[in-house]
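For reference, the structure discussed in these notes is given below.
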Amino acid sequence: EVAVSWRPSTEFAGNLYRGEGILPASPRDVWECIKPVAGGLRTKWDQNVKDFEVIEALTDTISVCRTTTPSAFMRIISPREFVDVVVMKQYEDGTVLSAATNVEHPLCPPQPNFVRGFNYPCGCLCIPVPGEPDRTQLLTFFQTDLGGYLPQTVVDSFFPSSISGFYSNLTKAVKTLKA
């Protein structure tokens, strides 16, 4: 189960979406499925991520990345690309964070056949559930300008169901990882 809420973004003319759910896996397994690294598992299970590449690794925890998405919402939303600076951090309590925001990078100009979208500050937190090592609270925050000429009503109908699908597909992925 996932709870999805939203409010107007203070960053751009769209919404900040928040997803929250408990996943039946350890934070380590959840992180293995969502961590933003080239060759990671996310492209295998996340229907909204077609490809993920590291454009430049600035440190072992900070990188500039390009994510592409397939068309979505019955092809009303054409393929997108996003270029972000991504930060990963692990906290003493076992919480793992991935945070990102859009950036321009000379090695990644806009590509043909993609609409350039922009992620405003967003991220995922994998939080251990005290006393339950095989359960993880996952908090996600998305505030994405999909770019192009999409009516806001299309974006507003796409994101809540997309976030629910993200949690559902991630739950299946962690169960497969554990098997």
Side-chain angles (χ1 to χ4, degrees), residues 6 9-19 29-90 96-126 138-150 152 154-156 158-170 172-174 176-177:
W6 59 91
S9 171
T10 58
E11 302 286 329
F12 76 114
N15 290 317
L16 165 63
Y17 293 90
R18 178 183 193 265
D29 286 348
V30 173
W31 178 248
E32 188 63 31
C33 289
I34 66 171
K35 69 181 171 183
V37 295
L41 296 175
R42 187 131 177 215
T43 58
K44 293 173 178 46
W45 64 265
D46 189 341
Q47 64 193 23
N48 291 315
V49 176
K50 184 174 183 179
D51 193 30
F52 181 88
E53 61 185 304
V54 175
I55 302 301
E56 182 179 2
L58 303 170
T59 71
D60 61 341
T61 60
I62 302 171
S63 55
V64 176
C65 303
R66 177 178 181 256
T67 306
T68 59
T69 66
S71 61
F73 209 56
M74 297 177 293
R75 297 190 181 202
I76 293 171
I77 300 174
S78 57
R80 298 302 201 253
E81 67 173 351
F82 302 88
V83 179
D84 299 299
V85 61
V86 179
V87 176
M88 296 179 282
K89 181 168 178 149
Q90 180 153 6
V96 185
L97 161 76
S98 168
T101 192
N102 73 78
V103 67
E104 290 185 26
H105 195 281
L107 296 177
C108 197
Q111 301 295 305
N113 303 321
F114 290 96
V115 174
R116 178 63 61 97
F118 301 94
N119 285 317
Y120 290 88
C122 57
C124 299
L125 288 141
C126 296
L138 181 64
L139 283 177
T140 56
F141 296 92
F142 300 97
Q143 49 183 347
T144 301
D145 178 351
L146 291 175
Y149 300 101
L150 290 170
Q152 192 61 40
V154 169
V155 175
D156 292 343
F158 168 74
F159 263 101
S161 62
S162 174
I163 294 168
S164 292
F166 172 88
Y167 277 79
S168 174
N169 291 333
L170 177 55
K172 291 174 193 165
V174 294
T176 301
L177 187 65

**Message:** Would Val103 and Val64 count as a side chain to side chain contact (heavy atoms under 4.5 Å, CB included) here? Give the steps.
**Reply:** CA-CA 8 Å; Val103 67; Val64 176; 4.0 Å; yes
**Prompt:** Who are the side-chain contact (heavy atoms from CB on, under 4.5 Å) partners of Cys65, not counting sequence neighbours?
**Reply:**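 For Cys65 the side-chain contact (heavy atoms from CB on, under 4.5 Å) partners, ignoring immediate neighbours, are Phe52, Val54, Ser63, Val86.
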**Message:** For Lys44, give me all partners under side-chain contact (heavy atoms from CB on, under 4.5 Å), at least two apart in sequence or on another chain.
**Reply:**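 Lys44: side-chain contact (heavy atoms from CB on, under 4.5 Å) contacts with Leu41.
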**Request:** Mark yes or no for whether Thr59, through its side chain, and Thr61, through its backbone, hold a donor-acceptor pair below 3.5 Å.
**Result:**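 Yes, Thr59 side chain to Thr61 backbone: donor-acceptor pair under 3.5 Å.
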**Request:** Measure from the side-chain N and O atoms of Arg116 to the backbone N and O of Pro109, and report whether any donor-acceptor pair falls under 3.5 Å.
**Result:**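 Indeed, once roles are kept as given, a pair shorter than 3.5 Å links the two residues.
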Side chains of [X] and [Y] in contact at under 4.5 Å (non-hydrogen atoms):
X	Y	answer
Thr101	Asp84	no
Leu97	Met88	no
Thr144	Tyr17	no
Asp145	Tyr120	yes

**Request:** Can you see which heavy atom on Pro70 is nearest to which on Gln47, and at what distance?
**Result:**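 Smallest heavy-atom distance, with atoms named: CG-O, 3.3 Å.
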**Prompt:** Does CD belonging to Glu104 count more than 12 external heavy atoms closer than 6.0 Å?
**Reply:**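 Open.
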Suppose we screen for salt bridge (charged side-chain N to carboxylate O under 4.0 Å, His left out). Which residues come up paired with [X], at least two apart in sequence or across chains?
X	result
Glu53	Arg66
Arg80	none
Asp46	Arg42

Do [X] and [Y] meet the criterion of a side-chain donor-acceptor pair at a distance under 3.5 Å?
X	Y	value
Asn119	Asn102	no
Ser162	Asn48	yes
Glu81	Thr68	no
Thr140	Tyr167	yes

So how far is it from [X] [atom1] to [Y] [atom2], rounded to the nearest 0.5 Å?
X	Y	atom1	atom2	value
Thr176	Trp45	OG1	CH2	11.5 Å
Phe141	Ser9	CZ	OG	13.0 Å
Gln143	Cys122	CD	SG	7.5 Å

**Request:** Going by the side chain to side chain contact (heavy atoms under 4.5 Å, CB included) test, name the single residue among Thr69, Ile77, Val154, Val115 that passes it with Leu146.
**Result:**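 The option that passes is Ile77.
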**Message:** Check the orientation of Phe142 and Phe159. Use parallel for under 30°, tilted for 30 to 60°, and perpendicular for over 60°.
**Reply:**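 Tilted: the ring planes of Phe142 and Phe159 meet at 30° to 60°.
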Using residues 29-38 as the side-chain source, report each donor-acceptor pair under 3.5 Å to any protein atom, sequence neighbours left out, with the distance given to one decimal.
from  : atom 1 : to    : atom 2 : distance (Å)
Glu32 : OE1    : Lys35 : NZ     : 3.3

**Message:** Please evaluate residues Asp51 and Thr67 with respect to the criterion side chain to side chain contact (heavy atoms under 4.5 Å, CB included), reporting the C-alpha separation (whole Å), side-chain torsions for both, the decisive distance (0.1 Å), and the verdict.
**Reply:** CA-CA 6 Å; Asp51 193 30; Thr67 306; over 6 Å; no
**Request:** Could you walk me through whether Leu138 and Phe166 pass the side chain to side chain contact (heavy atoms under 4.5 Å, CB included) test, one step at a time?
**Result:** CA-CA 11 Å; Leu138 181 64; Phe166 172 88; 3.9 Å; yes
